[in-house]
J.: 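First the structure, which I've put down as structure tokens, then a few questions once you've had a look.
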Amino acid sequence: MNGTTQLLNRKDTVQDVINSNVRSEQSTSSLYQPTGSVLHFSRSCLLSLAQRDFSEFLKALRSPEAQPLLTLCNNFIQRMQEAETITMDKKAEEVQSFYQQIALYYPDHMSDEKVWLLDNIEKLVMTRLYKSVFCLDSSQDEQKDLSLQKRIKSLSWVTPKMLQLPLEEDGQKEATWISCAVTALTEMDSKRAPQDKLTYVSRACNYLYRSIQSFKKEPATADDLLSCLIYSTLKANPPHLWSNLQYISRFCNPKRLMTGESGYYFTNLCCAASFIETLEASSLGLTQEEFNRLMQGSDVTTFMSSSGLNTLQQIERNREVLAELQQRQDILVQRAKCLEKELESWPLTVQGEIQEIIRRFPLDTKAATASCV
């Protein structure tokens, strides 16, 4: 967040870059090389590019009016892909500057359209730059990923009770939502655009909110969400967690990270990762000796045995419930058979009663007709 703020407060503004003359690649540190004049787009073109659906945006981008913007994007992407010597922070700075340059094409009263266009530009640019900037081989991010993954694996013994989760450990409904959150955190790595990765972070947090509310029957607090997010992260051990956090921080639209629901959820995930990295015995209500034994694996068996005992107890309770349900089902089946027999005999009973009534009260049709005449 601090890095993003610094990008927004740069002395070299985007307007200065746009208004500057064309300089050779050897004499400038910027990957974006301006054309010497500001591009102008009609209102209809700007509206056509401000699509919520990315496929519709790509169609609009192929129109003759939008060709200058397409060329601008392609040239920027090509220069970024060829810039193998600059640092990742410098690449992030260039991408953020490019976003700001695109934003200048929209007037202030078209704020919604500007947001939609920037989302589409971000997805277009970062999907094509993904392999050039995400978790490169032998990079610092890759080493950090391995370290964090190893750390999470060593904490597999942490239980919900240690983190004071506002959930029932054996609750099936809560466990389902936790499982959905774990899946969402894992699937985050499969997405390329920063906003898509952020969507899965938000999805995971929404699942956790549902889990908390299903147990507490009241709105979840910030502490509730953070503790559940820490536990879900430990269970998921998401691939490339550090790289994904850095990638979103560097290349996502800064406004999305600083405001709104997605920015809040992302901040919580960063806090969860930081908590896991610096986790201590006092954080889990353990003594230092207990914590050291668990980290070394000597007491993990005890915890697993306790967990296994709880599982057996749950299985036994489930068997008792199933036996009771089976008994109820048998009673229902017997009643259904009795009802079926009654339904089969009912027509015969009714027919017999009708015949008896006719016998006792015969109708003399001819006499009744003569009387009427």
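Along the sequence shown, the residues carry numbers beginning at 1. Just so it is clear, the model here is predicted, and its values are computed rather than measured.
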J.: Can you check whether Q213's main-chain N or O pairs, donor with acceptor, with E218's side chain at less than 3.5 Å?
T.: no

J.: Hey, could you give me the CG/CZ distance between L241 and R151, rounded to the nearest 0.5 Å?
T.: 13.5 Å

J.: Side chains of L185 and Y200: does their closest heavy-atom pair fall under 4.5 Å?
T.: no

J.: Any non-hydrogen side-chain atom of L167 less than 4.5 Å from a side-chain atom of I178?
T.: yes

J.: Please determine whether a side-chain nitrogen of the Lys or Arg among K216 and D224 lies less than 4.0 Å from a carboxylate oxygen of the Asp or Glu.
T.: yes

J.: Could you check whether any side-chain N or O of Y247 sits under 3.5 Å from a backbone N or O of R192, counting only pairs where one atom can act as donor and the other as acceptor?
T.: yes

J.: Any salt bridge between K337 and E342, counting N to O under 4.0 Å?
T.: no

J.: Can you confirm whether the side chains of D189 and N244 place a donor and an acceptor under 3.5 Å from each other?
T.: yes

J.: Apply salt bridge (charged side-chain N to carboxylate O under 4.0 Å, His left out) to the pair K144 and E277, showing each step before the final yes or no.
T.: CA-CA 11 Å; K144 191 72 174 179; E277 281 189 294; 3.0 Å; yes

J.: Anything under 30° is parallel, anything over 60° is perpendicular, the rest tilted; go ahead and classify W157 against F291.
T.: perpendicular

J.: Could you tell me whether the side chain of S227 and the main chain of D223 form a donor-acceptor pair under 3.5 Å?
T.: yes

J.: Within the 3.5 Å criterion, strictly below it, is a donor on S243 or D141 matched to an acceptor on the partner's side chain?
T.: no

J.: Judged by atom type as modelled, is there a donor-acceptor pair below 3.5 Å linking the side chain of E122 to the main-chain atoms of Q195?
T.: yes

J.: With a 3.5 Å distance limit and no angle check, can you tell me whether Y106 reaches the backbone of L46 through a side-chain donor-acceptor pair?
T.: yes

J.: Could you tell me whether the side chains of E82 and Q78 share a donor-acceptor contact shorter than 3.5 Å?
T.: yes

J.: Quick one: does S156's side chain have a donor or acceptor within less than 3.5 Å of a partner on I152's backbone?
T.: no

J.: Is N120 reaching over with its side chain to a backbone N or O of Q51, donor-acceptor style, under 3.5 angstrom?
T.: yes

J.: Calculate, to the nearest 0.5 Å, the distance between atoms OH and CD belonging to Y99 and E94 respectively.
T.: 12.5 Å

J.: Donor-acceptor pair, distance only, cut-off 3.5 Å: does the side chain of T127 make one with the backbone of L124?
T.: no

J.: Could you check whether S202 and E261, counting side-chain N and O atoms only, form a donor-acceptor pair closer than 3.5 Å?
T.: no

J.: Could R210 and Y207 be counted as a cation-pi pair, given that NZ or CZ must be under 6.0 Å from the ring centre and within 45° of the axis?
T.: no

J.: Measuring from E353:CD to E356:CD, what's the distance to the nearest 0.5 Å?
T.: 9.5 Å

J.: Hey, are R79 and N74 close enough side-chain-wise for a donor-acceptor pair under 3.5 Å?
T.: no

J.: Taking atom types as modelled, is there a side-chain donor on D330 or Q334 under 3.5 Å from an acceptor on the other?
T.: no

J.: First locate atom SG of C73, then atom CD1 of I121, and finally report the distance between them rounded to the nearest 0.5 Å.
T.: 4.0 Å

J.: Are the side chains of Q81 and L129 in contact, using a 4.5 Å heavy-atom criterion?
T.: yes

J.: For the CD atom of Q246 and the CE atom of M88, what is their distance to the nearest 0.5 Å?
T.: 10.0 Å

J.: So is K197 actually on top of Y265's ring, under 6.0 Å and inside 45° of the axis?
T.: no

J.: Is E187 paired with K191 through a side-chain N to carboxylate O contact shorter than 4.0 Å?
T.: no

J.: Okay, side chain of S274, backbone of C270: is any donor-acceptor separation there less than 3.5 Å?
T.: no

J.: With rounding to the nearest 0.5 Å, note down the distance linking CH2 in W116 to CZ in R52.
T.: 4.0 Å

J.: Tell me whether E290 is salt-bridged to R293, with the criterion being a basic N under 4.0 Å from an acidic carboxylate O.
T.: no

J.: Treating S283 as the side-chain partner and L279 as the backbone partner, does any N or O pair qualify as donor plus acceptor under 3.5 Å?
T.: no

J.: Using 4.0 Å as the upper bound for N to carboxylate O, is an ion pair formed by E56 and K59?
T.: yes

